[in-house]
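Naming convention: chains lettered A, B, ... in sequence-line order (proteins, then strands); numbering from 1 in each chain.
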Amino acid sequence: MIPGDLEVIDFNRRLKSWYLENHRPLPWRETKDPYKIWLSEVILQQTRVAQGLPYYERFTEQYPTVFDLAAADEREVLRLWQGLGYYSRARNMHFTARQVVNDYQGKFPETSEKLLKLKGLGQYTAAAIASFAFDEAVPAIDGNVYRVMARIFGIQSDMLSNEGKKEFWAVGKEVISKEDPATYNQAMIEFGALQCVPSSPNCTVCIFKDRCFAYAHQMQGQLPVKIKKLTVKHRFLNYFIIKQGDRLAMYERRARDIWKGLYDFHLIESQTPSTTPDSLTIPDLVFQNLLKKGRLTEIPKLYSHILTHQRLQVRFWWLEIPESERIDLPHGMAFYNHEEVEGLPKPILIDTVLREENYL
DNA sequence: TAGGCGTGGAG
DNA sequence: TCTCCAAGCCT
């Protein structure tokens, strides 16, 4: 199934001509600036173009150069990232911007091997930047490309296993155009995104239908092979929004857990869905004290929030403290006024609740 | 190395 | 309501 030299030339010619006619005009394709290409690649990791595009516009506007990004506070970067998910991408991106400024005089390394050393850049992203910005002939194999390669070339090894990845990589190195690797990589990705789509691809109009393994064997639904075992954990979260005047008590999530670096409220996790605060175990003496001093109001709506590997059932209470009370907050918490709360990076769930409660 | 890490859209 | 998944990476 792996094409010979002549087939590779024919494959590349067809692929490139398809790309030139069909590709979407996306802003990061209009530049050779490695900084902007890097931004776009990090934003687009596990993210659809439609979702990432507005973030790319905002980031390039707010931080036109790597120096601007390096000079920003991490909190500010996370706030701009809010809603995109996988927040470690933003933290790593900020870290790497500072490294590029401090260790590389603001210039990105120009080979995939060196790019790979930077935090937040894996095999795919390093190859993408190296080929798009510096025309290095390395295959950039993302989910789209795995799918295209598995189907056309009939590669049946598990794309999520290390062995499988090696095989795709080896074939990719054979097939990539040495004359124009940048366009080859863009074209493979775009072909997967527009033509060779995951479900129900329209193969009758495909330029490769005469030489596609999956089409010949009607295995579009079976390829690529992905063996994944995902266990979804159920969690029950109980949030107390401590409010005094217009100020809310929030704290930064620092543990190795979801939403690291983002801000939320006083949280009590329970093993079962809770109905009343009385049924919760409240070990925190400071918070027990607060409960006595404040007025507790339940937000009746039960929120469910779905992450890749967790299903959250979340209940919220307002805990309003009279302005006259002088109080201590649980450890690590601080009060933020309305404007500050708006400016803090928050999980989308927290932002949604504050909007529905007409606070934001 | 396998499991953790968000959010939103589509079927 | 459920499943899949979308330009993956880190530990």
Between A:Pro347 and A:Ser200, just flag the one whose closest nucleotide in DNA chain B comes earlier from the 5' side.
A:Pro347
Could you tell me whether the phosphate oxygens of B:dG6, OP1 or OP2, come under 4.0 Å of any side-chain nitrogen or oxygen in A:Gln310?
no
Can you tell me if the side-chain N/O atoms of A:Arg91 get under 4.0 Å from OP1 or OP2 in B:dC5?
no
Which distance, rounded to the nearest 0.5 Å, do you find between the CG of A:Leu223 and the CD1 of A:Ile152?
11.5 Å
Quick one: do A:Lys16 and A:Asp180 make a salt bridge, cutoff under 4.0 Å?
yes
Might you confirm whether atom CD of A:Gln218 has over 12 heavy atoms from other residues, nucleotides or ligands at distances under 6.0 Å?
yes
So does A:Lys226 pair up with A:Asp158, basic N to acidic O under 4.0 Å?
no
Decide, yes or no, whether a salt bridge links A:Lys117 with A:Asp103 under the criterion of side-chain N to carboxylate O below 4.0 Å.
no
Side chain to side chain, A:Trp38 and A:Phe132, heavy atoms closer than 4.5 Å:
no
Reading nucleotides 5-11 of chain C from the 5' end, what letters show protein touch, with B for base, S for backbone sugar-phosphate only, - for no heavy atom under 4.0 Å?
BBBBSSS
B:dT7 phosphate, OP1 or OP2, under 4.0 Å from A:His305 side-chain N/O
yes
Less than 4.0 Å between a side-chain N and a carboxylate O, is that true for A:Arg235 and A:Glu269?
yes
Ignoring hydrogens and angles, tell me if any N or O in the side chain of A:Thr31 forms a donor-acceptor pair with the backbone of A:Trp28 under 3.5 Å.
no
Determine the sole option in A:Tyr303, A:Trp318, A:Phe316 for which the ring pair (Phe, Tyr, Trp, His ring centres under 6.0 Å) test with A:Tyr239 is passed.
A:Phe316
Does A:Arg58 count as lying over the ring of A:Tyr55, i.e. NZ or CZ under 6.0 Å from the six-ring centre, within 45 degrees of the axis?
yes
Mind listing the residues from residues 257-270 of chain A sitting with a heavy atom below 4.0 Å of DNA chain C? Number order is fine.
none
Taking A:Lys260 first and then A:Glu252, would you say they form a salt bridge - that is, a charged N and a carboxylate O separated by under 4.0 Å?
no
Hey, which of these two, A:Lys233 or A:Leu349, hits DNA chain B nearer its 5' end, going by closest nucleotide?
A:Lys233
Please state whether the phosphate of B:dC5, meaning OP1 or OP2, lies under 4.0 angstrom from any side-chain nitrogen or oxygen of A:His309.
yes
Stretch residues 75-83 of chain A: residues that reach within less than 4.0 Å of DNA chain C through a heavy atom:
none
Rounding to an integer number of Å, can you tell me how far A:Leu312 CG sits from B:dC5 C1'?
12 Å
